[in-house]
Amino acid sequence: MLLLFGQSCDKGLAPIPTSQLSSISGSIHFTGLPKDSVKILALVLVQPPAPFTAASLIAGFNTTVLPFVLSTISFSDTTYTITVKPDSTYHYLGVAQNYGYNLLSDWRVVAFAHDDLDSAQSFTLKAGEQRIGVDLTVRFDSLPRQPFIK
């Protein structure tokens with residue numbers, strides 16, 4: 001009986017083979033210095049489209065919101081790579097700054113991937129596809145428009 005069960009498994013819980021994983025990568029450049037405290041600086045890739053509530057983003061961490069924490073020590077240019085599920089659409093890629101003690105409200109976007117019309121860039125990658133050169137520039141002295149609902 002156990003032998004038949006093992007032969008009928010469709011590997012539904014098996015991890016996605018490495019050759020089929022997709023990724024988005026690029027560089028993050030910093031200009032200027034933050035005007036106030038930076039508690040956390042994170043690159044976030046978000047599945048649902050904007051606008052967002054901070055609470056919904058926090059609730060989605062590691063499911064619909066993929067965080068990549070950045071160093072806040074030197075604000076030196078850095079590179080990133082985020083592995084994503086193939087054939088899923090991600091509607092927002094940005095750098096978010098936590099500047100206070102409230103993790104549900106003290107956030108602002110300091111950079112985001114956008115098209116020529118300044119709309120947030122969406123990403124849908126096929127299995128094994130790698131999107132490279134998605135560069136972001138953090139301008140602490142000139143914040144972009146914010147995608148949040150208060």
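Given the structure is predicted, the values throughout are model-derived calculations rather than measurements.
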Candidate pair L41 and V69, rule side-chain contact (heavy atoms from CB on, under 4.5 Å), full reasoning: CA-CA 6 Å; L41 194 61; V69 177; over 6 Å; no
Step by step, work out the side-chain contact (heavy atoms from CB on, under 4.5 Å) result for D87 and K85. CA-CA 7 Å; D87 301 318; K85 291 184 281 186; over 6 Å; no
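D135 contributes a side-chain N or O that, together with a main-chain N or O of S27, makes up a donor-acceptor pair within less than 3.5 Å. Judged purely by atom type and a 3.5 angstrom limit, T137 has no side-chain atom pairing as donor or acceptor with the backbone of H29. In terms of modelled atom types and a separation under 3.5 Å, the side chain of Q146 and the main chain of P144 share a donor-acceptor contact. For T31 (side chain) and V138 (main-chain N/O), a donor-acceptor pair under 3.5 Å exists by modelled atom type. In this structure, the side chain of Q97 engages the main chain of S37 through a donor-acceptor pair within 3.5 Å. A donor-acceptor distance shorter than 3.5 angstrom exists from the side chain of T63 to the backbone of G60, with no hydrogens or angles considered. Within the 3.5 Å criterion, the main-chain N or O of D106 finds a donor-acceptor partner in the side chain of N98.
Here the side chains of F52 and V65 are not in contact, with every heavy-atom distance at 4.5 Å or above. Between I28 and V95 there is a side-chain heavy-atom pair separated by less than 4.5 Å. Residues L57 and W107 have side chains not in contact (no heavy-atom distance under 4.5 Å, counting atoms from C-beta outward). Side chains of Y90 and L66 form a contact here, defined as non-hydrogen atoms less than 4.5 Å apart. In this structure, S122 and H91 have side chains that are in contact, with non-hydrogen atoms separated by less than 4.5 Å. In this structure, Y80 and I24 have side chains that are in contact, with non-hydrogen atoms separated by less than 4.5 Å. The shortest distance between side-chain heavy atoms of Y99 and K39 does not fall below 4.5 Å. When side chains are defined from C-beta on, L136 counts as touching L43, because their heavy atoms get closer than 4.5 Å.
The shortest non-hydrogen separation linking E129 to T124 is OE1-O, 4.2 Å. The heavy-atom pair separating S22 from A127 by the smallest distance is OG-CA, 3.8 Å. Taking all atoms of both residues into account, the shortest heavy-atom contact from S119 to R145 is CA-NH2, 3.6 Å.
For R139, the CZ atom is loosely surrounded, since the number of other residues' heavy atoms within 6.0 Å does not exceed 12.
Between F30 and F140, the ring-plane angle classifies as parallel under the 30° and 60° cut-offs. Between F112 and Y92, the ring planes are parallel. Angles under 30° get that label, and only those over 60° would be called perpendicular.
One distance of note links CD of Q47 with OG of S88; it measures 5.0 Å at 0.5 Å rounding. Note that the OG atom of S23 and the CD1 atom of I132 stand 9.0 Å from one another [nearest 0.5 Å].
A cation-pi contact, defined as under 6.0 Å to the ring centre and within 45° of the axis, is absent between R131 and F123.
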